[in-house]
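Have a look at the structure below, then the notes.
Lettering follows sequence order; numbering is per chain, from 1.
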Amino acid sequence: MNAWLDKLYKTFIVDDNYMLLVKGFGNTILITLCALLIGVVIGSVIAIAKYYAEDNKKLKIVNVICDLYTTAIRGIPVTVLLMIFYFVIIVSDTTGITTAIIAFGINSGAYMAELIRSGINAVDKGQMEAARSLGMSKGQAMRKVIFPQAIKNILPAIGNECIALLKETSVAGYVTVVDLTRAANLIRTNTNDAVNPLVLLALVYLVVVVFMTKLLGVFERRLRKSDGK
Amino acid sequence: MENNVIISVKGLEKSFEDTAVLKGVSIDIHKGDVVCVIGASGSGKSTFLRCLNLLEKPTGGQIFFDGDDLTDKKVNLDLHRQKMGMVFQQFNLFPHMTILENLTCAPIMLKKISKEQADAKAMELLARVGLADRADSYPNQLSGGQKQRVAIVRALCMEPDVMLFDEPTSALDPEMVGEVLDVMRELAKEGMTMIVVTHEMGFAREVSNRVIFLDDGVIAEEGSPAELFGAPKCERLRSFLAKVL
């Protein structure tokens, strides 16, 4: 027992190694949250654009562009995307955090777009008709009637996307970002202790994911209020 | 008579891909008319009604509402739709809003009135259909008949000139049909212009002043309820009535 505590002390406390983990944790959360925000914005814009483009031949080009984007993103591994952004497109970003946020955001946007689109399509057609019959424009009906219901439908799926995004950011180390995973890996190489940093790393991800799942459950319960059950 | 025509339909046609559903329907609706549209399923009744506020785009003909041609692309359709309330077979209440929010969201957004004003108006109308105590409920907590009464009030909150009813009682359990028809009867008595697609022949006979029999995409017969139900002229109407009455 004492030997293990001694080992922990050497691994995490000496040289203030734990600070590396704290900083890495902060970066992981920062990247996840910002990328999520970008993803939701891109996803909503694309989903709504495609909804409009569906029955308007003049907007066909919009549809093509959106399809191209989702196809490209779905076909390219996020690690490759990240490296292309870091080494080819945004070469001036030294810490890599901005690049990571943008790359993960754009990646997540494609998945969000498909999710939100499926959510919009799942809303009963009568809802749009009722809103239009009251005199709302298509945009007003979308904002007030369709979109809130769509989001409610897909909240569990969005939660899964958040969790996937959090875990995906563990490859940010490829472009020099000191995220949680890279921090733990640095400690491993610095201290020759593989077990403790990696087990702790796994535990931290696990705890964050469990926390996110709980949070989502609270949201869902609050939204379900209107189902009258 | 001519100056109180509120809706004038001229040669209305509608086809879905290869099937022609409406093949030239023309009719004038006057202020205060209660027009019931009857006919077998597939005769184009619902399509006709849905064309009136352009939920379905007509493929031919014109629809004049308050003198403006709604099929003209330059016309502000949203503005005209505010004046044409519509009630659907499936109610189509907004499930994520309370009853009160269902009633006030369009007036607040479109008529630029204050929330207090909209609430007051909604509560007054809700009380008249006997549902004031359900203002804070959600649609899923209501019975079918209650939902449909709320749907009627939602349309009324926009203070429309015309009300369109698309088989308002067809999705209801039999014991709830009466409460919805009562509200509609009340509305007709107050002089609301109504166009009702219905299978309720009793209601058509008692409340409407004109009945239209649609058959195969055209108006096969039209007249007062006494004429249509009492002395039907065309053979199709006779056999239709024999089946439903």
Interface residue of largest heavy-atom contact number with chain A, from B:Leu142, B:Asn76, B:Leu110, under 4.5 Å:
B:Leu110

Which one of B:Met86, B:His80, B:Lys83, B:Met109 has the most heavy-atom pairs closer than 4.5 Å to chain A?
B:Met109

Give a yes/no verdict on a cation-pi contact between A:Lys167 and A:Tyr205, requiring under 6.0 Å between NZ or CZ and the six-membered ring centre and an angle within 45° of the axis.
no

Give, as side chain, backbone, both or neither, the part of B:Arg154 having an atom under 4.5 angstrom from any heavy atom of chain A.
both

Name the region of B:Met158, side chain, backbone, both or neither, that has any atom closer than 4.5 Å to a heavy atom of chain A.
side chain

Which answer fits B:Leu79, side chain, backbone, both or neither, if we ask what part of it has an atom under 4.5 Å from a heavy atom of chain A?
neither

Is it the backbone or the side chain of B:Phe88 that comes under 4.5 Å from a heavy atom of chain A, or both, or neither?
side chain

Proximal component of A:Ala131, with respect to chain B [non-hydrogen, under 4.5 Å]:
both

Decide, yes or no, whether a salt bridge links B:Glu186 with B:Arg128 under the criterion of side-chain N to carboxylate O below 4.0 Å.
no

Looking only at side-chain N and O atoms, does B:Ser8 offer a donor or acceptor that is under 3.5 Å from a partner on B:Lys10?
yes

Hey, is B:Asp182 close enough to B:Arg185 for a salt bridge, meaning N to O under 4.0 Å?
yes

For the candidates B:Leu93, B:Thr98, B:Leu54, which exhibits the highest count of non-hydrogen atom pairs separated by less than 4.5 Å from chain A?
B:Leu93

Considering only NZ, NE, NH1 and NH2 on the basic side and carboxylate oxygens on the acidic side, decide whether A:Glu129 and A:Arg132 come within less than 4.0 Å.
no

Heavy-atom pair of closest approach, residues B:Ser15 and B:Ala20:
CB-CA, 3.8 Å

